[in-house]
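Have a look at the structure below, then the notes.
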Amino acid sequence: MEDEKHAVSLCSQNPYPGDEELQTLETEIMVKWKLDQRPDIISRGSDPKEAQANLSAARKALASGEQCDALGFIDMALETDILNEALWLQRATVLIAIGDLREAFRSCCALPPAIRTADIWKMGGTF
């Protein structure tokens, strides 16, 4: 009776036939499209004030329809606050608007899994 309450125990957790081939194919695609690599943003140290100023400039650029300028400001903000999940999410959102889905996915994967927020996981899962 106790096992009926645990859904995981009702089904085998073993891979289904063909799962290994699908995983291999997905890995090949990730490598081919460089989705397994971090975006080319290099940390210049931590300066949350500078990051916030660049984020404000990015929001102004977005408000005036300048998505490419906004992306540049977001990248500069990330250089001074590389582990800021909100900045990575904003970067992915702008990239989606521009139409660069591959780079948006890379932005979602840029943070170590342990510090990714649910929003980052959800956005990355939509691609």
Side-chain angles (χ1 to χ4, degrees):
M1 220 32 165
E2 192 65 31
D3 284 337
E4 292 177 17
K5 295 181 182 178
H6 300 288
V8 174
S9 67
L10 296 176
C11 301
S12 168
Q13 299 302 301
N14 297 327
Y16 289 105
D19 280 355
E20 289 86 9
E21 291 85 6
L22 285 174
Q23 182 177 6
T24 300
L25 178 61
E26 288 175 2
T27 301
E28 288 173 5
I29 290 169
M30 294 280 290
V31 171
K32 179 181 178 182
W33 290 348
K34 299 180 181 177
L35 297 174
D36 60 331
Q37 299 175 12
R38 290 180 50 106
D40 296 330
I41 296 175
I42 299 169
S43 177
R44 294 187 290 122
S46 181
D47 187 347
K49 281 188 174 183
E50 185 177 344
Q52 190 60 39
N54 281 311
L55 180 58
S56 294
R59 289 182 176 150
K60 287 179 186 174
L62 283 173
S64 62
E66 300 295 329
Q67 295 170 329
C68 290
D69 289 345
L71 182 59
F73 286 119
I74 292 168
D75 287 352
M76 287 190 294
L78 281 165
E79 288 174 358
T80 56
D81 198 359
I82 198 83
L83 294 178
N84 185 322
E85 66 274 352
L87 290 174
W88 285 108
L89 186 61
Q90 183 68 54
R91 185 176 195 270
T93 302
V94 170
L95 286 162
I96 289 169
I98 291 172
D100 191 346
L101 299 181
R102 290 181 187 171
E103 190 64 23
F105 180 81
R106 287 178 60 198
S107 295
C108 289
C109 295
L111 289 169
I115 64 170
R116 290 182 195 156
T117 63
D119 290 334
I120 290 282
W121 281 105
K122 289 177 195 173
M123 181 176 280
T126 62
F127 299 107

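Heads up: numbering here begins at 1 and tracks the sequence. Keep in mind it's a predicted model, so treat the numbers as computed, not measured.
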Answer yes or no: is there an ion pair linking Glu103 with Arg91, defined by an N-O contact shorter than 4.0 Å? yes
To the nearest 0.5 Å, tell me how far Lys60 NZ sits from Leu55 CG. 11.5 Å
How long is the gap from SG on Cys109 to CD on Gln37, to the nearest 0.5 Å? 12.0 Å
Cluster link Val31 to Ile29, ILVMFWY, side chain under 4.5 Å: no
Shared ILVMFWY cluster between Met76 and Ile41, side chains joined below 4.5 angstrom? no
Calculate, to the nearest 0.5 Å, the distance between atoms CZ and CE belonging to Arg106 and Met30 respectively. 10.0 Å
Grouping I, L, V, M, F, W and Y whenever their side-chain heavy atoms are under 4.5 Å apart, do Ile74 and Ile42 come out in a common cluster? no
Thr80 versus Arg44, closest heavy-atom pair with distance: CG2-NH2, 3.5 Å
Rounding to 0.5 Å, atoms CH2 (Trp88) and CG (Leu83) come to a distance of 9.0 Å
Nearest heavy-atom neighbours spanning Thr117 and Glu85: CG2-CG, 3.2 Å
When rounded to the nearest 0.5 Å, the distance separating CG of Leu101 from CG of Leu95 is 9.0 Å
Heavy atoms of Cys108 and Ile120 approach each other most closely as O-CG2, 3.2 Å
Ala70 to Ala61 - nearest heavy-atom pair and separation: N-CB, 3.7 Å
Which value, rounded to the nearest 0.5 Å, describes the distance between Asn54 atom CG and Asp81 atom CG? 11.0 Å
Expected output: side-chain Arg102 to main-chain Leu35 donor-acceptor under 3.5 Å: no
Looking only at heavy atoms, which two atoms of Leu87 and Leu78 are closest? And how far apart? CB-CD2, 3.4 Å
